[in-house]
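The model shown is predicted, which means the values in this text are computed figures rather than measured ones. Throughout, numbering of the chain's residues begins at 1 and tracks the sequence. Hydrogens, waters and symmetry mates are skipped; everything else that's a heavy atom, side chains included, is used.
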Amino acid sequence: MAAEFKHLVLVKFKDDVVVEDVLKGMEKLVSEMDSVKSFVWGQDVESHEMLRQGFTHAFLMTFNSKDDFTAFARHPKHVEFSSTFSTAIEKAVLLDFPAVSFKPAA
């Protein structure tokens, strides 16, 4: 079985952006895309500014395979949302990777 594939995005939104509106748009996009197995996001509340380097939010999508991620990334709805999303962010880091699971011994 192929490994799950993850799409991780760390962002710092521009100061004048209504983050809730962006989040609603992202949740709408994910709900319309069958290829997304799961989606979680959060806002940093613990890290020191120096450690997070200005990034405030993290978004993580899980796909059953790299092929599912590729189909998602190329889908017109994702392309459209990405162009809107990119105008709302000051900076971002994206990582796309096959998940490696580790289960510690009991």
Side-chain angles (χ1 to χ4, degrees):
M1 183 172 132
E4 288 182 338
F5 201 80
K6 305 285 186 174
H7 175 56
L8 174 66
V9 182
L10 305 176
V11 302
K12 177 182 182 189
F13 288 103
K14 292 179 180 173
D15 290 337
D16 61 346
V17 168
V18 180
V19 175
E20 291 76 19
D21 292 346
V22 177
L23 296 174
K24 285 178 189 171
M26 187 172 288
E27 290 172 349
K28 180 179 185 296
L29 169 70
V30 169
S31 70
E32 295 173 350
M33 304 293 289
D34 292 338
S35 59
V36 179
K37 181 177 176 182
S38 69
F39 169 64
V40 295
W41 68 270
Q43 181 173 356
D44 182 75
V45 296
E46 292 292 324
S47 299
H48 295 286
E49 174 64 26
M50 181 184 75
L51 297 177
R52 65 180 163 103
Q53 300 179 28
F55 295 101
T56 57
H57 291 75
F59 305 94
L60 180 63
M61 293 182 190
T62 301
F63 301 85
N64 283 322
S65 66
K66 184 178 179 184
D67 288 344
D68 283 355
F69 167 73
T70 301
F72 169 80
R74 293 180 178 162
H75 193 282
K77 287 182 181 180
H78 176 260
V79 172
E80 180 183 348
F81 179 79
S82 292
S83 64
T84 302
F85 186 71
S86 65
T87 65
I89 58 175
E90 186 172 312
K91 62 181 181 174
V93 172
L94 280 71
L95 297 173
D96 301 313
F97 55 95
V100 178
S101 295
F102 172 76
K103 293 190 178 17

Assigning hydrophobic clusters by single linkage (Ile, Leu, Val, Met, Phe, Trp, Tyr; side-chain heavy-atom cutoff under 4.5 Å), is V17 placed with I89?
yes
NZ of K37 to OG1 of T62: how many Å apart, nearest 0.5 Å?
7.0 Å
Only one of F5, F39, W41 passes side chain to side chain contact (heavy atoms under 4.5 Å, CB included) with M61, and that residue is F39
NZ (K24) with more than 12 external heavy atoms under 6.0 Å
no
Contact between F72 and V36 at the side-chain level, heavy atoms closer than 4.5 Å - yes or no?
yes
In Å and rounded to the nearest 0.5 Å, what is the OG to CG distance from S38 to L60?
6.5 Å
So which atom in R74 and which in V79 form the shortest heavy-atom distance, rounded to 0.1 Å?
O-CG2, 3.9 Å
Side chains of V9 and F55: closer than 4.5 Å at any heavy-atom pair?
no
Examine F85 and V30 and state if one hydrophobic cluster contains both, with Ile, Leu, Val, Met, Phe, Trp and Tyr joined whenever side-chain heavy atoms are less than 4.5 Å apart.
yes
Shared ILVMFWY cluster between V40 and L94, side chains joined below 4.5 angstrom?
no
Calculate, to the nearest 0.5 Å, the distance between atoms CG and CG belonging to L10 and L95 respectively.
7.0 Å
Kindly check if the number of other-residue, nucleotide or ligand heavy atoms within 6.0 Å of CD (E80) is above 12?
no
With side chains defined as the heavy atoms from C-beta onward, is the minimum distance between F97 and L8 less than 4.5 Å?
yes
Heavy-atom pair with the smallest gap, counting every atom of A3 and A99
CB-O, 3.5 Å
Rounded to the nearest 0.5 Å, how far does CG of D96 lie from OG1 of T70?
9.0 Å
Specify the closest pair of heavy atoms between F81 and V22, including all atoms of both residues, with the distance to one decimal.
CZ-O, 3.9 Å
What are the two closest heavy atoms between T56 and K12, and how far apart are they?
OG1-CA, 4.0 Å
Less than 4.5 Å apart, any side-chain heavy atom of S82 and any of H78?
yes
Enclosure of K66 NZ (heavy-atom neighbours >12, cutoff 6.0 Å)
no
Are any non-hydrogen side-chain atoms of L23 and F59 less than 4.5 angstrom apart?
yes
Flag yes if more than 12 heavy atoms outside K28 fall under 6.0 Å of its NZ atom; otherwise flag no.
no
Straight-line distance of K77 NZ to E32 CD, nearest 0.5 Å:
4.0 Å
For the pair F63 and F69, name the ring-plane relationship: parallel under 30°, tilted 30 to 60°, perpendicular over 60°.
perpendicular
